[in-house]
There are 2 protein chains.
Amino acid sequence: MEQDVISAPASGQKGRPREFCVDQALAEALHVFWAKGYDGASMTDLTEAMGITKPSLYAAFGNKEALFHKALDLYEQEKLEYGRAALEQPTARKVAEYYLHGAIDVHGGTSDPKGCMGLISSLACSPEAESIKADVVRRRASSQRLLVERFERAKAEGDIPAHVDAEGLTSVLYALLQGITVQAGAGATRAELERLVDTSMTLWPSP
Amino acid sequence: MEQDVISAPASGQKGRPREFCVDQALAEALHVFWAKGYDGASMTDLTEAMGITKPSLYAAFGNKEALFHKALDLYEQEKLEYGRAALEQPTARKVAEYYLHGAIDVHGGTSDPKGCMGLISSLACSPEAESIKADVVRRRASSQRLLVERFERAKAEGDIPAHVDAEGLTSVLYALLQGITVQAGAGATRAELERLVDTSMTLWPSP
DNA sequence: CCTGTTCCATAACGGTCGGTATATAATAAG
DNA sequence: CTTATTATATACCGACCGTTATGGAACAGG
């Protein structure tokens, strides 16, 4: 019943071959969800952007919600990779710098929609979007936990003062990140966002 | 043609008197918009919460968009008053403290919906909500400007170091504010939000 | 060829959206 | 009383929502 979404190899297909690339269609869907949010993206918006008809979409992805979760997977893999890379920076300060500048690149750039796809889709509150919101919150919590551990390691390494609260610092960094995506979505220029980040880094605790 | 929405005095009304209190109905509408956002709040949601029928709503408020703008006015007057009060604090540090703690009280409380009504309604991007978003962005910019001026005064008074960028600091404070409302809407506890604010204040520049 | 399977295209489903037409009820003025 | 004016209640509008049934087109194996 459940069909493999990742482009199947040419062998073993019995019926009529599909006329579109699933990965590319998913990338287009991601773009629509990113720009309009889960509720704001209609099936018509999606199918037109993906270049396929509604039955094709349902056959390949299940339904709108399943399509969103797959788009969110792709979003995290491709666009939120800077979050994983940030953790590997040598110092806590560089972790934060990498994080915030990465946010500007991804959420304040010109090639992709402004703002954060997860944030946009999780603040809209239609009852059917509750599972969407729960998914986003869950993913956010897990990546936030990694950041707490990273800052606790930094404290052990004397990288940030011992009196600093690692969880609190993580919440602060996340709040700044969220603020960046909000302001980017509201039309802030790249210069304004960099000013925000630069000022943030002047406040960052010194070891 | 345009009717005065503020409860008119008993004199001069010619027809059948209305059977509901306009102010109270507006307060109920505010609650719905706050919880669900502009797009997420349906006319049925609104009329049921307000206890009136759709024709009554249209007669009294015009349409959904006009109702939202009036609800947003009420929201700013009643719920965002802490933003104006913060500006009058004696030092920049106290301004920030007042601002952030006020945000926790209003956006992370239990009596009202979690999160920020403006943020929730301005991130949803249906084409019809563009003017909603523009209104929210405009109001935000104007209150942000007041904060920049306040911090520039603080610099002149030696309240924060001269090398600090007042505009950047304002963007940082606003990002923290937005992050607080986002995390409150995502289910953060009051203790977590206070931890965020406390840690933020340990980073605040000393004079 | 035929059969089976899978995909595409059209059209339609019931439901909800924001917004109204219509008719009736309640008041003030004459 | 009648008349004018305004509010209410019901029912409805066209448009769009997410989803699916239907019928034909394109392939593989026999």
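Protein chains get the first letters and strands the later ones, always in sequence-line order, with residue 1 at the start of each.
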Can you find a side chain N or O atom of Ser56(A) that sits less than 4.0 Å from OP1 or OP2 on dC7(C)?
-> no
Separation of atom CZ in Arg18(A) from atom P in dT5(C), rounded to whole Å = 18 Å
Whole Å only: how far is the CD1 atom of Ile52(A) from the C1' atom of dT6(C)?
-> 15 Å
dA25(C) phosphate, OP1 or OP2: any side-chain N/O from Arg16(B) under 4.0 angstrom?
-> no
Under a 4.0 Å heavy-atom cut-off, which of residues 36-43 of chain B touch DNA chain C?
-> Ala41(B), Ser42(B), Met43(B)
Taking atom P of dA4(D) as reference, at what distance in whole Å does atom NZ of Lys14(B) sit?
-> 12 Å
With a non-hydrogen cut-off below 4.0 angstrom, is Pro17(B) in contact with a base, only sugar-phosphate, or nothing?
-> sugar-phosphate
Give a yes-or-no answer on whether the side chains of Ser171(A) and Glu192(B) include a donor-acceptor pair shorter than 3.5 Å.
-> no
Between Phe20(A) and Gly15(B), whichever has its closest DNA chain C nucleotide further toward 5' is Phe20(A)
Closest to the Lys64(B) side chain, choosing from dT8(D), dC27(D), dG18(C) | dG18(C)
Between Thr53(A) and dC8(C), is there a side-chain N or O to OP1/OP2 distance below 4.0 Å?
-> no
Touch class at under 4.0 angstrom, heavy-atom based, for Glu128(B) against every strand present | nothing
Between Tyr38(A) and Ser131(A): side-chain donor-acceptor atoms closer than 3.5 Å | no
Is there a donor in the side chain of Thr199(B) and an acceptor in the side chain of Thr202(B), or the other way round, less than 3.5 Å apart?
-> no
Given atom CG of Leu46(B) and atom P of dC17(C), what is their separation to the nearest angstrom?
-> 10 Å
For dC17(C), take OP1 and OP2 only and decide whether either is under 4.0 Å from a side-chain N or O of Thr44(B).
-> yes
Euclidean distance, atom CG of residue Leu57(B) to atom C1' of dG18(C) [Å, nearest integer] | 11 Å
Using a strict cut-off of less than 4.0 Å between a Lys/Arg side-chain nitrogen and an Asp/Glu carboxylate oxygen, indicate whether Arg190(A) and Glu194(A) qualify as a salt bridge.
-> yes
Between Gly62(A) and Asp45(A), name the one whose nearest nucleotide on DNA chain D is closer to the 5' end.
-> Asp45(A)
Distance-minimising heavy-atom pair for Ala92(B) and Ala154(B) = CB-CB, 3.8 Å
Which whole-number value in Å describes the distance from Tyr58(A) OH to dA21(D) C1'?
-> 14 Å
Minimal non-hydrogen separation, Ile180(B) against Leu193(B), with atom names | O-CD2, 4.0 Å
Expressed in angstrom and rounded to an integer, what is the separation of Glu65(B) atom CD from dC17(C) atom C1'?
-> 16 Å
Looking at the rings of Tyr99(B) and Trp204(B), which for Trp means the six-membered one, are their centres under 6.0 Å apart?
-> no
Rounded to the nearest Å, what distance is computed from the CD atom of residue Glu19(B) to the P atom of nucleotide dT24(C)?
-> 18 Å
